[in-house]
Amino acid sequence: MKGLNKIFSILLTTALFTMSCQEDKYELEAPLDKADIKFEVTQDLATDPGGNTVIMTNNTPGTISMWNYG
């Protein structure tokens with residue numbers, strides 16, 4: 001019985017390693033045109049009287065907001 005469990009474990013491990021070694025292929029979609037990007041920039045002076053706070057909102061469907069202030 002112990003020998004059978006060992007053989008089964010070896011076969012299962014080999015099968016898992018074989019199936020996990022497939023290369024994943026990732027592709028990016030075409031970049032958006034500048035005209036398709038929609039965002040809104042507002043300055044809320046009630047929240048920050050000095051005007052140093054800017055609220056940026058992404059209104060482009062299907063995208064994730066990522067702002068780079070550098």
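L11 CG to L16 CG: the interatomic distance, rounded to the nearest 0.5 Å, is 11.0 Å. Rounding to the nearest 0.5 angstrom, the gap separating the CD1 atom in I7 from the CG atom in L12 is 13.5 Å.
In terms of heavy atoms, D44 sits closest to T47 at OD2-OG1, 2.5 Å. For the pair I64 and N58, the tightest heavy-atom approach, listed with the atom from each and the gap, is C-ND2, 4.0 Å.
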Can you give me every donor-acceptor pair (side chain of residues 36-43, partner residue at least two apart or in another chain, under 3.5 Å) with its distance?
from	atom 1	to	atom 2	distance (Å)
T42	OG1	I55	O	3.4
Q43	NE2	G51	O	2.4

